[in-house]
K.L.:
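Quick one: the structure is below, questions incoming.
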Amino acid sequence: MGSPEKLNANQIAEKWYSYWLEHKYFHSQPDERRPYTIVIPPPNVTGVLHMGHMMNNTLQDVLIRRARMLGFNACWVPGTDHASIATEAKVVQKLANEGVKKEDLSRDEFLGHAWQWTDDHGGIILDQLKKLGCSCDWDRTKFTLDPEMTESVLQVFVDLYERGLIYRGYRMVNWDPEAQTTLSDEEVIHEEKQGNLYHIAYRVVGSEEKITIATTRPETLMGDTAVAIHPEDERFKHLHGKKVIVPIVEREVPIIIDDYVDIEFGTGCLKVTPAHDENDKALGDKHNLAFVDIFNPDGTLNKEGLHLEGKDRFHARKLIVKELEKSGELVSTKPHTHKVGLSERTKAVVEPRLSDQWFLKMEQLAKPALSAVEDGTVKLFPKKFMNTYRHWMSNIRDWNISRQLWWGQQIPAYYYGPDKQDFVVALTQEKAVEKARVKTNNPTLSIADLTQDEDVLDTWFSSWLWPISVFDGIRNPDNDEVQYYYPTQDLVTGPDILFFWVARMIMSGYTFRDAQPFQNVYLTGLVRDNQGRKMSKQLGNSPNALGLIDKYGADSVRVGLLLSSAAGNDLLFDEALCQQGKNFANKIWNAHRLLQGWEIDDSISQDSVAKQGIEWYKYKFQKELTIVNDHFDKYRISDALMSIYKLIWDDFCSWLLELVKPSYGKPIDSQTHAEVVEIFENNLRLLHPFMPFLSEELWHVLGTRSAEEALIVSSWPKSEKVNENVLRIFSHTMEMVSSIRAIRMQKNIPMKTPLQLIEETKQVDYYEQVVCKLASIDSCTVAKEMPEQVLSFRVGTSAYFMPFSLDNPVEEMRKLEEELSYQKGFLQSVQKKLSNSRFVDNAPESVVAVERKKESDAHEKIKHIEQQLAQLQR
RNA sequence: GGGUCAUUAACUCAGUUGGUUCAGAGUGUCGCCUUGACAGGGCGGAAGUCAUUGGUUCGAAUCCAAUAUGACCCACCA
């Protein structure tokens with residue numbers, strides 16, 4: 001056969017990946033089988049594979065490959081996301097490096113650059129997934145900005161608008177001054193920051209009195225249009241109805257009375273800046289205050305900032321504090337930690353800003369999505385995420401879906417007049433014209449009279465349709481594909497996008513197809529380094545994903561990742577685990593070499609020990625198969641892998657192969673060889689989802705297979721009945737072997753020493769040969785009476801003896817006495833339990849029976865040990 | 001401020017309705033071995049008052065309460 005001595009993981013990976021592609025095993029189309037579908041969480045089109053992706057996609061591939069072997073029509077849909085703000089930021093940066101400013105480009109010119117960038121860098125990440133072994137149906141690769149995907153998105157926008165769920169509103173939104181766009185609430189991350197609480201004195205009009213307010217943002221003072229106090233605050237009751245002068249701008253503003261104010265906090269007196277704070281806006285609306293916007297889109301002060309016009313907001317803060325200090329109006333500055341909202345993408349401090357934006361009403365959409373998770377139509381793994389999901393869904397706020405960016409789907413709203421209220425929403429310009437003509441009653445209106453809204457849609461407004469739109473289920477709701485593949489089965493993603501993406505897909509699923517998008521959501525943990533830190537570029541603790549594959553091989557990296565990941569718990573990634581994976585691959589490789597190296601003789605009949613071993617292993621395999629299947633059902637993927645790991649390494653390699661191994665230089669009988677090969681093949685079936693390349697390679701080494709017989713499209717083993725009795729006898733046998741080995745090592749007992757068992761009721765003939773072979777003893781027989789000069793050990797309730805002249809009987813006796821006292825203590829505690837009538841009366845019968853068995857077993861063991869001691873004392 | 005989760009061997013984690021010989025695994029560690037598949041190996045050890053304190057129970061790592069530590073999520077306290 002001539003397999004090379006060393007395993008070359010990368011070589012076989014390349015070979016089999018092309019083989020699979022060539023035979024279109026990843027491709028799926030509707031047929032009579034049941035579908036098993038996963039849609040990939042689309043990575044950013046210009047992204048690079050990182051550990052999180054590796055983890056995530058390995059899991060998906062394991063699920064898909066097993067489903068394929070289980071006979072499902074497995075379909076894994078790949079694709080990428082245009083990642084509006086992230087990609088646009090990268091393109092802007094790239095242009096800036098070339099000395100080009102975004103402002104100097106037209107929209108079309110900019111989009112040309114963005115597409116160029118996408119074409120140059122896009123899809124790299126998908127090629128990287130191939131290196132990992134992912135069996136995606138590449139013929140189905142989608143991009144969220146593909147024309148048909150865009151059309152789906154726009155159609156949904158129009159539809160929701162017509163249903164009255166999308167509206168245009170002048171609202172306080174999260175503004176990212178760096179990217180100069182709005183952000184949804186979910187794109188804002190709050191971080192604790194050390195800041196100051198400034199106490200500033202405002203003069204009361206018509207009196208010498210001053211009133212002191214507390215603020216963290218003195219630079220917004222120019223936008224103040226009121227000062228607020230609590231109605232019950234005794235300190236300020238005399239000021240009701242009075243006015244104050246805002247320092248620097250010298251603006252006269254009212255003192256308003258509102259119980260929103262917290263008497264305890266700061267000075268109990270609040271400056272109100274309705275244009276730059278959500279709460280202040282509420283106060284402004286309620287008390288009919290003026291709104292003074294003091295910022296430019298880039299976070300600098302506008303002309304309302306007077307002499308500070310053009311200064312950045314944080315610079316302005318320092319300058320204003322200085323001015324107030326000089327004028328004596330700054331009463332005090334106290335350190336104060338508070339949460340600051342940062343843009344998820346640019347890390348810029350988010351500025352609350354009033355502006356015209358598009359919103360989607362969420363309350364109605366959230367209802368079916370909430371009940372789907374509550375009633376188990378959609379299951380979350382691990383379950384703990386149900387609580388956060390429920391909380392979020394029941395407190396959901398409207399979704400700001402417009403972004404002041406260019407890279408994305410432009411909002412299909414068309415203005416036909418100077419007033420921003422005069423617009424129509426339509427899928428195409430042509431349709432927009434028609435609608436506008438009707439609306440204005442002006443039949444001469446033309447496309448030239450329309451201006452499309454400048455904004456694009458939030459990226460998530462396209463990805464929330466992903467499970468439907470990849471099957472074209474928005475534009476063609478009745479097409480065969482979407483009917484067949486939707487709802488999909490499993491979704492594997494990180495909990496960080498539970499709200500961004502998962503929840504919204506569930507909402508869109510019910511809204512547009514009246515059905516859940518997937519049945520199960522497996523939420524993986526974050527990948528951290530072995531010190532528990534998040535992996536990040538700044539820390540430089542993120543291993544190069546492709547480098548790992550080169551170094552260890554894809555199979556080993558997959559194993560390394562899976563060995564450390566319980567669902568939903570963060571996993572501390574350690575490169576040592578990839579080494580463990582590599583060692584495992586090597587172990588399997590060498591097992592096959594052993595098998596291939598034997599000389600086969602078909603003239604001899606089957607070896608009886610081998611026959612017994614094979615019988616045992618078949619049951620052992622079945623037993624583990626049940627456990628593995630159960631782990632899969634519960635999404636305990638790493639447990640499934642660990643079970644297989646131990647089955648192959650310990651049971652197959654360490655026990656079975658040693659059992660069937662012929663003596664040195666002797667041939668193996670052909671029947672045993674054939675049966676071991678079959679067993680090996682079944683092991684490979686279990687292994688395939690985890691280590692696809694190695695398993696496929698060995699599958700073809702062990703037998704000649706046609707393309708249809710490739711492992712990837714073979715079957716997952718079927719469950720068969722287990723003979724528990726055989727397993728029990730074997731585990732007893734294994735314990736005997738281990739005990740003999742242990743004693744031999746300590747006492748330096750010669751090979752071929754015979755072993756005896758004194759109980760006549762016990763059967764030894766079944767396992768005698770196995771024990772003799774593995775423990776290198778001469779025989780195992782039943783003795784009529786206690787032999788002289790023996791070493792002993794016990795397995796279960798059986799006592800075994802080996803004749804051996806002891807150099808140091810005292811040492812042996814000491815050990816026996818230790819064992820005896822342990823057993824006696826144990827017996828005592830069992831008896832105490834059994835003499836407690838409350839236990840005997842209350843505990844289930846089976847539990848009491850177990851205790852009684854313990855008692856009688858302990859008696860028996862004690863008897864053996866005492867006999868042994870008596871013998872030694874003679 | 002509200003909530004969720006975690007705390008078990010040196011490390012990373014299991015422990016699935018409380019009940020089989022006084023808590024398991026993988027890695028690491030320590031001994032011994034190894035020219036016959038594999039030192040990327042074999043065999044055999046050692047290692048834990050299950051975070052703390054109470055409670056429920058015949059019986060608690062497991063259920064309840066409080067405390068401590070850590071992680072994450074949500075929220076408009078200037």
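Lettering of chains follows the sequences in order, A, B, ..., and the numbering in each one begins at 1.
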K.L.:
Can you name the nearest heavy-atom pair linking Met691(A) to Gly581(A), along with the distance?
P.N.:
CE-O, 4.0 Å
K.L.:
What interatomic distance, in whole Å, is found between C1' of rA78(B) and the corresponding atom of rG3(B)?
P.N.:
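So the two C1' atoms sit 24 Å from each other.
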K.L.:
Is Lys620(A) paired with Glu624(A) through a side-chain N to carboxylate O contact shorter than 4.0 Å?
P.N.:
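Looking at Glu624(A) and Lys620(A), the cut-off is met.
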K.L.:
Is Tyr822(A) touching bases, backbone alone, or none of the nucleic acid, heavy atoms closer than 4.0 Å?
P.N.:
base
K.L.:
Expressed in whole Å, how much space separates the C1' atoms belonging to rA25(B) and rC32(B)?
P.N.:
24 Å
K.L.:
Between Ser738(A) and Glu735(A), is the side-chain hydrogen bond (donor to acceptor under 3.5 Å, both in side chains) condition met? List the steps.
P.N.:
CA-CA 5 Å; Ser738(A) 292; Glu735(A) 251 188 87; over 6 Å; no
K.L.:
In whole angstrom, what separates Asp574(A)'s CG from rG26(B)'s P?
P.N.:
17 Å
K.L.:
Using atom P in both nucleotides, what's the gap between rG28(B) and rU12(B) to the nearest angstrom?
P.N.:
15 Å
K.L.:
Which heavy-atom pair separates Thr267(A) from Ala214(A) by the least distance, and what is that distance?
P.N.:
OG1-N, 3.6 Å
K.L.:
When every nucleotide of nucleotides 71-78 of chain B is labelled 5' to 3' by its protein contacts under 4.0 Å (heavy atoms), B for base, S for sugar-phosphate only, - for none, what sequence of letters results?
P.N.:
S-SSBBBB
K.L.:
Looking only at N and O atoms, is any donor in the side chain of Lys587(A) or the base of rC38(B) less than 3.5 Å from an acceptor on the other one?
P.N.:
yes
K.L.:
Contact class for Trp598(A) (heavy atom, under 4.0 Å): base, sugar-phosphate, or nothing?
P.N.:
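Nothing: the residue Trp598(A), judged by heavy atoms under 4.0 Å, touches no strand.
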K.L.:
Mind calculating the distance between CG (Leu577(A)) and C1' (rA25(B)) to the nearest angstrom?
P.N.:
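Taking CG of Leu577(A) and C1' of rA25(B), I get 14 Å after rounding.
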K.L.:
Parallel, tilted or perpendicular: which one describes the rings of His336(A) and Phe265(A), with boundaries at 30° and 60°?
P.N.:
perpendicular
K.L.:
From CE of Met642(A) over to C1' of rU12(B), roughly how many Å is that when rounded to an integer?
P.N.:
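The answer, rounded to whole Å, is 10 Å.
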K.L.:
Hunt down the Watson-Crick or G-U wobble partner of rU52(B), both distances under 3.5 Å, from any strand shown, or write none.
P.N.:
rA66(B)
K.L.:
Taking CD from Glu5(A) and P from rC38(B), how many angstroms apart are they, rounded to a whole number?
P.N.:
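Rounding to the nearest Å, CD of Glu5(A) and P of rC38(B) are 8 Å apart.
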K.L.:
Considering every strand and a 4.0 Å limit on heavy-atom distances, what is the contact class for Asp857(A): base, sugar-phosphate, or nothing?
P.N.:
base
K.L.:
Go nucleotide by nucleotide along RNA chain B from the 5' end; which of Asn387(A) and Tyr664(A) gets its closest nucleotide reached first?
P.N.:
Asn387(A)
K.L.:
Write down the distance between CZ (Phe381(A)) and P (rC5(B)), rounded to a whole number of angstrom.
P.N.:
17 Å
K.L.:
Is the phosphate of rG41(B), meaning OP1 or OP2, less than 4.0 Å from a side-chain N or O of Trp589(A)?
P.N.:
no
K.L.:
Under the side-chain hydrogen bond (donor to acceptor under 3.5 Å, both in side chains) rule, what do Asp185(A) and Asn174(A) come out as? Steps first, then yes or no, please.
P.N.:
CA-CA 7 Å; Asp185(A) 294 336; Asn174(A) 307 297; 3.0 Å; yes
K.L.:
How close or far is atom C1' of rG42(B) from atom CG of Asn586(A), stated in whole angstroms?
P.N.:
14 Å
K.L.:
Provide the distance between the two P atoms, one in rU29(B) and one in rA68(B), to the nearest whole Å.
P.N.:
39 Å
K.L.:
In terms of side-chain geometry, is the basic nitrogen of Asp857(A) or Lys861(A) positioned less than 4.0 Å from the acidic oxygen of its partner?
P.N.:
no
K.L.:
If we call it a pair only when both distances are under 3.5 Å in a Watson-Crick or G-U wobble match, what pairs with rG31(B)?
P.N.:
rC43(B)
K.L.:
From CD of Glu575(A) over to C1' of rC11(B), roughly how many Å is that when rounded to an integer?
P.N.:
17 Å
K.L.:
Do Lys281(A) and Glu278(A) meet the salt-bridge criterion of a basic N to acidic O distance under 4.0 Å?
P.N.:
no
K.L.:
Using a 4.0 Å heavy-atom cut-off, write out nucleotides 43-49 of chain B from 5' to 3' as B (base contacted by protein), S (sugar-phosphate only) or - (no contact).
P.N.:
BS-----
K.L.:
Watson-Crick or G-U wobble partner for rC72(B), using a 3.5 Å limit on both distances?
P.N.:
rG3(B)
K.L.:
Give one of base, sugar-phosphate or nothing for Glu658(A), where a contact means two heavy atoms less than 4.0 Å apart.
P.N.:
base
K.L.:
Give a yes/no answer on whether the side chain of Arg728(A) brings an N or O atom under 4.0 Å of OP1 or OP2 in rU20(B).
P.N.:
no
K.L.:
Across all strands shown, which nucleotide pairs with rU17(B) by Watson-Crick or G-U wobble geometry, both distances under 3.5 Å?
P.N.:
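Its partner is none (no Watson-Crick or G-U wobble pair with both distances under 3.5 Å).
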K.L.:
Side-chain contact, heavy-atom cut-off 4.5 Å: Leu577(A) with Tyr552(A)?
P.N.:
no
K.L.:
Can we say Lys623(A) and Glu724(A) salt-bridge, meaning some charged N sits less than 4.0 Å from an Asp/Glu carboxylate O?
P.N.:
yes
K.L.:
Would you call Glu860(A) and Arg794(A) a salt bridge, using N to O less than 4.0 angstrom?
P.N.:
no
K.L.:
Distance between the P atoms of rG1(B) and rC22(B), in whole angstroms?
P.N.:
46 Å
K.L.:
Between rA66(B) and rC72(B), how many Å separate the two C1' atoms, rounded to a whole number?
P.N.:
23 Å
K.L.:
Counting Watson-Crick and G-U wobble pairs only, both distances under 3.5 Å, name the nucleotide matched with rC77(B), or none.
P.N.:
none
K.L.:
Take the protein atom CG of Leu694(A) and the nucleotide atom C1' of rG40(B), then report the distance between them rounded to whole Å.
P.N.:
14 Å
K.L.:
Taking the side chain as every heavy atom from C-beta outward, state whether Tyr389(A) and Val502(A) have any atom pair closer than 4.5 Å.
P.N.:
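In short, these two side chains do not touch, never coming nearer than 4.5 Å.
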K.L.:
On a whole-Å scale, what distance lies between the C1' atoms belonging to rU56(B) and rC13(B)?
P.N.:
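Comparing C1' positions in rU56(B) and rC13(B) gives a spacing of 30 Å.
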K.L.:
When rounded to the nearest Å, what value does the distance between P atoms of rG48(B) and rA9(B) take?
P.N.:
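Their P atoms lie roughly 10 Å apart.
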K.L.:
Below 30° counts as parallel, above 60° as perpendicular, anything between as tilted: where do the rings of Phe690(A) and Phe632(A) land?
P.N.:
tilted
K.L.:
List the atom of Lys634(A), the atom of Phe381(A), and the distance in Å for their closest heavy-atom pair.
P.N.:
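Shortest heavy-atom contact: O-CD2, 4.2 Å.
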K.L.:
Starting at the 5' end of RNA chain B, which residue's closest nucleotide do you reach first, Ala576(A) or Lys582(A)?
P.N.:
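It is Ala576(A) whose nearest nucleotide is closer to the 5' end.
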K.L.:
Please check: side-chain N/O of Asp398(A) versus main-chain N/O of Met362(A), any donor-acceptor pairing under 3.5 Å?
P.N.:
yes
K.L.:
Taking OP1 and OP2 of rU27(B), is either one under 4.0 Å from a side-chain nitrogen or oxygen of Tyr645(A)?
P.N.:
yes
K.L.:
Going 5' to 3' through nucleotides 56-63 of chain B, assign each nucleotide B (protein heavy atom under 4.0 Å from a base atom), S (under 4.0 Å only from sugar-phosphate atoms) or - (no protein heavy atom that close).
P.N.:
--B-----
K.L.:
Between rC38(B), rU16(B), rG40(B), which nucleotide gets closest to the side-chain atoms of Lys634(A)?
P.N.:
rU16(B)
